[in-house]
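Since the structure comes first, as structure tokens, the remarks are kept for the end.
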2 protein chains.
Amino acid sequence: MALTLRQRNRLAAMHHIIETAIDLFDEHGYTAVTVEQVAAAAGVSPRTFYRYFGTKEGLFTTDTHAAIGQDLLAEQLDLDDLPGTLERIVASVHTAAAPSGGAALYTPWSGVRYVLEEPAVREAVYTALDDLSERLTAALRSTGADPTRARVAVRSYLFGVYFGALEQWHLDGRVRPLLDYVKEGSAVLAGPSGPSGSSG
Amino acid sequence: MALTLRQRNRLAAMHHIIETAIDLFDEHGYTAVTVEQVAAAAGVSPRTFYRYFGTKEGLFTTDTHAAIGQDLLAEQLDLDDLPGTLERIVASVHTAAAPSGGAALYTPWSGVRYVLEEPAVREAVYTALDDLSERLTAALRSTGADPTRARVAVRSYLFGVYFGALEQWHLDGRVRPLLDYVKEGSAVLAGPSGPSGSSG
DNA sequence: CCGCTAGATGGCAGTGCATGCCATCTTGAC
DNA sequence: GTCAAGATGGCATGCACTGCCATCTAGCGG
């Protein structure tokens, strides 16, 4: 591992705070639980909480394994095939969340409910998607793509296909695989008749 | 007019507060100006400011002519032709903002800079788009459209085409008409080859 | 084993956003 | 003129978040 002891302790503490916070949220509701209460329950000071996550919503938007996440994205990214990239990443995260052999390092689905149902968290996630959009748009433009086309395509896949599929998957009770929704969403944009709603 | 005296006074006061606020923002910056300062400069109490706009960012997301806005949307809305709907609304707002004969009731472009450049405002606008997405998705579903297809299509047009076009238009210095960007954005989604970035 | 340096943490005070409550004032109907 | 309803202001409060400084700990060299 390329992480020092301090870095590993930090990540462990962050995961502990996240799990403690979600337990409190499940019991009392997101808005009713204060950052001070989360920090106290997790055994850290509020000041440290803010140093870790920046904001209360940062619990859901901070990439707690930034190194891994960056590697995964860089590894799967294909700017000429955005739907394929999205599907591969969703597939990777999904298998990682349901491990068959090793221990799950991190279960990213425990907080999805708050991402979709809590307005403040949802808002923060939009900002995170916004940041990612900007980076991907810049990357796509560096390959020679038209600025407007690049911007619209990236944003449509992230805010439209990805977030839309995630929400519909959640609303439907998480029965069918998320990947099915992502594929159907990609088909909406790539379909020969365009994304007009008249073909439902 | 269908508005009572109280309603007209309220709208006039809101417009006055908005203009006062933007003047202060232009001079000192958005974050450096407090709600208390805006309220004092506009001659109202902070409590009234919050009753009008809900939040500081509500200055940019509150529809100050809700009745007119709703009429416009309902009038132009065609669920079978989302790109056409978007283009007609953009065209309407643009002509309203550059009046040739009568006086401009409202200039919606004075605050666009903050919508795109100020993170807190941008975030709030995302939530406003999110609300609109939900309403349009519900309307589209009521026509028999597939849930996932409806959700992805609406969100792609609002977050991808509309917001993306607005941002690129702003980044390019607002030289070409916004409508051009919207049309190009719509073409990205409706194009025969799909929204992949390889055709730039 | 002992200090030293740098980074991490905690405590504290302060600011600003936002809301609830109640008193006061204005509007508009009778 | 009277009265109810609505709009406004002032006050108190809670919570998110930040800057500042003191303290503690990890990790390294002697």
Side-chain angles (χ1 to χ4, degrees), chain A residues 1-18 20-21 24-25 28-62 64 66 114 118-125 127-128, chain B residues 1-18 20-21 24-25 28-62 64 66 114 118-125 127-128:
Chain A
M1 60 191 66
L3 300 178
T4 75
L5 174 62
R6 275 199 167 125
Q7 288 172 311
R8 290 197 296 119
N9 286 342
R10 177 190 173 93
L11 290 183
M14 290 176 78
H15 283 145
H16 176 238
I17 294 172
I18 291 174
T20 303
L24 286 177
F25 296 158
H28 302 104
Y30 179 78
T31 54
V33 176
T34 69
V35 170
E36 193 176 347
Q37 291 171 337
V38 170
V44 298
S45 72
R47 197 67 189 80
T48 295
F49 177 97
Y50 283 109
R51 267 191 270 259
Y52 280 170
F53 301 105
T55 68
K56 186 181 181 184
E57 290 74 33
L59 282 168
F60 300 95
T61 58
T62 300
T64 54
Y114 295 100
E118 203 62 44
V121 180
R122 195 174 170 113
E123 203 169 50
V125 169
T127 293
Chain B
M1 60 190 68
L3 299 178
T4 74
L5 174 62
R6 272 196 170 131
Q7 287 172 313
R8 289 196 296 119
N9 286 341
R10 178 189 173 94
L11 290 184
M14 290 175 76
H15 283 144
H16 176 237
I17 295 172
I18 291 174
T20 303
L24 286 176
F25 296 158
H28 303 104
Y30 179 79
T31 55
V33 176
T34 69
V35 170
E36 193 176 348
Q37 291 171 336
V38 171
V44 297
S45 72
R47 198 65 189 82
T48 295
F49 177 97
Y50 283 109
R51 266 191 272 261
Y52 281 169
F53 300 105
T55 68
K56 186 181 181 184
E57 291 74 33
L59 282 169
F60 301 95
T61 58
T62 300
T64 53
Y114 295 100
E118 202 62 43
V121 180
R122 196 176 170 111
E123 203 169 48
V125 169
T127 293

(message) Please determine whether a side-chain nitrogen or oxygen atom of A:Y52 lies at a distance below 4.0 Å from atom OP1 or OP2 of C:dA8.
(response) no

(message) Using OP1 and OP2 only, check whether a side-chain N or O of A:T48 sits under 4.0 Å from C:dG10.
(response)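 The answer is yes; a side-chain N or O of A:T48 sits under 4.0 Å from OP1 or OP2.
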
(message) Suppose we screen for side-chain contact (heavy atoms from CB on, under 4.5 Å). Which residues come up paired with A:A40, at least two apart in sequence or across chains?
(response)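 Residues passing side-chain contact (heavy atoms from CB on, under 4.5 Å) with A:A40: none at all.
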
(request) State which residues pass side-chain contact (heavy atoms from CB on, under 4.5 Å) with B:A12; sequence neighbours excluded, sorted by chain then number. (result)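 Not a single residue meets the side-chain contact (heavy atoms from CB on, under 4.5 Å) criterion with B:A12.
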
(request) Treat primed atoms plus P, OP1 and OP2 as sugar-phosphate and everything else as base, then score nucleotides 12-23 of chain D 5' to 3': B for base contact with protein heavy atoms under 4.0 Å, S for sugar-phosphate contact only, - for none. (result) ---SSBBBB---

Rounded to the nearest angstrom, tell me the gap between atom [atom1] in [X] and atom [atom2] in [N].
X: B:R10; N: D:dT8; atom1: CZ; atom2: C1'; answer: 12 Å
X: B:M14; N: D:dT8; atom1: CE; atom2: P; answer: 10 Å
X: B:I17; N: D:dA7; atom1: CD1; atom2: C1'; answer: 13 Å

(request) Check the pair B:T127 / B:T61 against side chain to side chain contact (heavy atoms under 4.5 Å, CB included), numbers first and verdict last. (result) CA-CA 9 Å; B:T127 293; B:T61 58; over 6 Å; no

For residues 45-53 of chain A, which side-chain donor-acceptor pairs fall under 3.5 Å, sequence neighbours excluded?
unit_1 : atom_1 : unit_2 : atom_2 : d
A:S45  : OG     : A:T48  : N      : 3.2
A:S45  : OG     : A:T48  : OG1    : 3.2

(request) State which residues pass side-chain hydrogen bond (donor to acceptor under 3.5 Å, both in side chains) with B:E57; sequence neighbours excluded, sorted by chain then number. (result) B:Y30

(message) I need the full list of side chain to side chain donor-acceptor pair (under 3.5 Å) pairs touching residues 34-43 of chain A, with sequence neighbours left out, sorted by first then second residue.
(response)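 Residue pairs with at least one partner in residues 34-43 of chain A: there are none.
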
